[in-house]
There are 2 protein chains.
Amino acid sequence: MNRMATTVESVAERAGVSISTVSRALRSVPGVSAATRKRVQEAADALGYSASPAASRLATGRTMTVGIVVPVLAKWFFGKVMGEATQTLREAGFDVLLFELATRGQRERFFSGSHLHGRTDGVIIMALQPSAEELESLSAQGQAVALLGAEAQGIGSVSVDNIGAGRAAARHLLNLGHDRIAFIGIREEEGSNLGGVPPLQRLLGYREALAEAGVPGDGMLEQFDENSVAGGAAAMSRLLVAERIPTAIFVASDEMAFGVLKVLRKAGLDVPRDVSVLGFDNHELCDVVGLTTMDHEVAEQGQDVARILLDILQGGPPASLARQVRLVVRETTAPPHALRSPSTHPGPPDSAGHAGNL
Amino acid sequence: MNRMATTVESVAERAGVSISTVSRALRSVPGVSAATRKRVQEAADALGYSASPAASRLATGRTMTVGIVVPVLAKWFFGKVMGEATQTLREAGFDVLLFELATRGQRERFFSGSHLHGRTDGVIIMALQPSAEELESLSAQGQAVALLGAEAQGIGSVSVDNIGAGRAAARHLLNLGHDRIAFIGIREEEGSNLGGVPPLQRLLGYREALAEAGVPGDGMLEQFDENSVAGGAAAMSRLLVAERIPTAIFVASDEMAFGVLKVLRKAGLDVPRDVSVLGFDNHELCDVVGLTTMDHEVAEQGQDVARILLDILQGGPPASLARQVRLVVRETTAPPHALRSPSTHPGPPDSAGHAGNL
DNA sequence: TCCACGAACGCAAGCGCTTGCAATCGAGAA
DNA sequence: TTCTCGATTGCAAGCGCTTGCGTTCGTGGA
């Protein structure tokens, strides 16, 4: 294939038409007879021709590319969401440009410069709450915007009811009979940039549920750390030195919950006999460790946000929708030890009843 | 910012020079005096100008973009490697275009069409072995190529000594005293497209070590399935109905190993007392479940492959390098039960000696 | 003081495609 | 048969930037 010279001109020549006709025919623009359209298509196929993106972008001003910005790629949640979004975008004929904003510095540089201008038609922003100025900067660069895990006035977005989810999670633990329930949340690190809003909302829901149940709050029972296994482990370690260890813990992310389980195991505490643990995300590995968690339709969110952006790019209004959150009960939650009736008690700790998680 | 009208021309006007001088000044091309260069730079800053990528691509033929193609985004390994590669590429001023080739159909479409032509200067291909024709197609599209987890004549690549790693893994189990060691490998699914080569090499290394140790091979002990928790679980289930259950299992991927651990737990078998399990990747969650595994410097591989591609793009020769693989001993490998001396025996299964993984 | 030469800079021709507008053609209306 | 109008098609002017080449100007050497 002599792709070096495969341009509209060669196709036009081979099909015996002008280059404008080729351009129109190949893009299904009206004003070309079916016969010539077919002839052009054949010529293009024969030559293995495909229009130069740079040239058509320059001429049209459209890039047929969308950017996806994520805080970090190496996390299951973002990989999953990105994968789904990417597939949806590609089906619609868009390329996907990747931006990983791992540090605050990168975030600032990204929004201050015009890194998107002329590169993308729109951008999906995941898990970070853009400020008004940042949104302004994006629209000044002519970008359509869709948010995931955040919301803003007049901007398309997909999210979940984190307050409701937090309340539901806490209620599950309350209903089991717990009254000393800790919360481990995501702390916005100095070097990181995770949007602090959803984690905060989960905390609020947790507090609401406790208040409604008449359980007194306890600041010591609220711990925050970075969203990782290590962060969860660190937060749990802090909880272990409390005056009284909680009997249940709601952790705002599964990865942190994995760290929590690890520390509990090392401390010789049995889950769920001594402590119940409830996570958030329904990470693919929850099933392996038997972690009870809050599922929030992660894959669907990825498709949603892509479709919302595509709609906007086609001139539609910026839609906003919320996905469902539901409890997935596995093996890390149970009534507190003191409450169990002999019949529910699993018997000797080493028997099959021993959940053995982690 | 009136970005709508911010073009070379406006900068030229403001700086009182011609557009060619602006172009040269902003790109540090020689032939511009320091004084005017400064003046142009200031004018550009004041206007918030940045050159239209489409226009400069059309004029130069370079896109300053590289493509990354991965089989699937939602896996820790690929997320990690991509994150590192992306950062390295961005530092060098390149944009990153994402291609997820989840199915065989997508792979075929990708390589048959000229999806890269004019979009990227080069491409990083992860974990799939391109055929000669596929490589030909890429170079016909003018792409520089770097491979990760695969090798090809004259193509830049980064990989690991999978045969050696497989041998090392098997030897660790042999050295512990095992003589009935199973292998669970990655099967190339119909719908998938993972390069079959590295997994195959791990199998070969395993076989070599067994042969060297005089342990007879047993086809029944070699099982293959898709590279996922579910796949590992399925493969393990097949092993459970063997005439004699193996006392140790080398699993070619950590995610599969997690599935293996899950099935073993459900079957009431203790790890490592009844069965030892050895994984591959050093997945970030290995630490949580205590999985002994083979680490192969995943993050470094990502940086390596990006740098290799950057070198090629700068006219350098296509480098190939291999990363180290090393055993990371955790809690899922131990001598077979029958061999243990009373003193090493952890005592009653429910004591603290019970590793309790999964 | 005059000339030659190199450094700075501007001109203008593209890069390959899109698209408003004019030109052409065929067919139905008069 | 001639005229009019819509459907096709071609022309050519960009889109915004890069770059080979010619021009201008200042400076050191003769």
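All values below come from the heavy atoms of this structure, side chains included, with hydrogens, waters and symmetry mates left out. Numbered from 1 within each chain, the chains take letters A, B, ... in sequence-line order.
Legend: residues meeting salt bridge (charged side-chain N to carboxylate O under 4.0 Å, His left out) with Arg90(A), ordered by chain and number and at least two apart, are Asp95(A). The side chain to side chain donor-acceptor pair (under 3.5 Å) search around Gln106(A) returns Gln87(B), not counting sequence neighbours. By the side chain to side chain contact (heavy atoms under 4.5 Å, CB included) test, Ser137(B) is found to be paired with Gln141(B), residues two or more places apart in sequence or in another chain being considered. For Ser157(A), the side chain to side chain donor-acceptor pair (under 3.5 Å) partners are Ser320(A), not counting sequence neighbours. In this view, Asp304(B) and Arg323(B) satisfy the salt bridge (charged side-chain N to carboxylate O under 4.0 Å, His left out) rule, not counting sequence neighbours. Residues forming a side chain to side chain donor-acceptor pair (under 3.5 Å) with Thr36(B) (at least two apart in sequence, or on another chain): Ser33(B).
Between its two ends, the helix from dT1(C)-dA30(D) to dA30(C)-dT1(D) turns its axis by 50°, counting five pairs per end and rounding to 10 degrees.
For the OP1/OP2 pair of dC11(C) and a distance below 4.0 Å, the side-chain nitrogens and oxygens of Ser18(B) include no atom meeting the criterion.
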Next item on the list: Please report the C-alpha distance between Ser10(B) and Thr7(B) in whole Å, then the side-chain angles of each, then the deciding distance to 0.1 Å, and finally whether the side-chain hydrogen bond (donor to acceptor under 3.5 Å, both in side chains) criterion is met.
Entry: CA-CA 5 Å; Ser10(B) 56; Thr7(B) 145; 5.4 Å; no
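For the pair Arg57(A) CZ and dG16(D) P, the computed distance is 16 Å after rounding to whole Å. We find that CD of Glu9(A) is positioned 11 Å from C1' of dC17(C), with the value rounded to whole Å. We find that CD of Glu13(A) is positioned 15 Å from P of dG16(C), with the value rounded to whole Å. Atom CZ in Arg62(A) sits about 23 Å away from atom P in dG16(C), given to the nearest Å. A straight line from CG of Leu26(B) to P of dT19(D) spans 14 Å, rounded to a whole angstrom. Computed from coordinates, the Leu58(B) CG to dC17(D) P distance equals 12 Å when rounded to whole Å.
Formation of a donor-acceptor pair under 3.5 Å by the Thr60(A) side chain with backbone atoms of Ser56(A) is found in this model.
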Notebook entry, point to check: How does protein reach along nucleotides 19-28 of chain C, written 5' to 3' as B (base within reach of a heavy atom under 4.0 Å), S (only sugar-phosphate), or - (no contact)?
Noted result: BB--------
Output side-chain donor-acceptor pairs under 3.5 Å for residues 74-84 of chain A, partner residues at least two apart or in another chain, one line each.
unit_1   : atom_1 : unit_2    : atom_2 : d
Lys75(A) : NZ     : Asn227(A) : O      : 3.3
Glu84(A) : OE1    : Gln303(A) : NE2    : 2.9

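Listed by first then second residue, pairs satisfying salt bridge (charged side-chain N to carboxylate O under 4.0 Å, His left out) with a partner in residues 22-40 of chain A read Lys38(A)-Glu42(A), not counting sequence neighbours. Within the structure, the side-chain hydrogen bond (donor to acceptor under 3.5 Å, both in side chains) test picks out the following pairs touching residues 43-53 of chain B (sequence neighbours left out): Ser114(A)-Ser50(B).
A heavy atom lying under 4.0 Å from DNA chain C marks none of the residues of residues 31-43 of chain A.
Residue-level contact check: Val17(A) touches the backbone only, with heavy atoms under 4.0 Å from sugar-phosphate atoms and none from bases.
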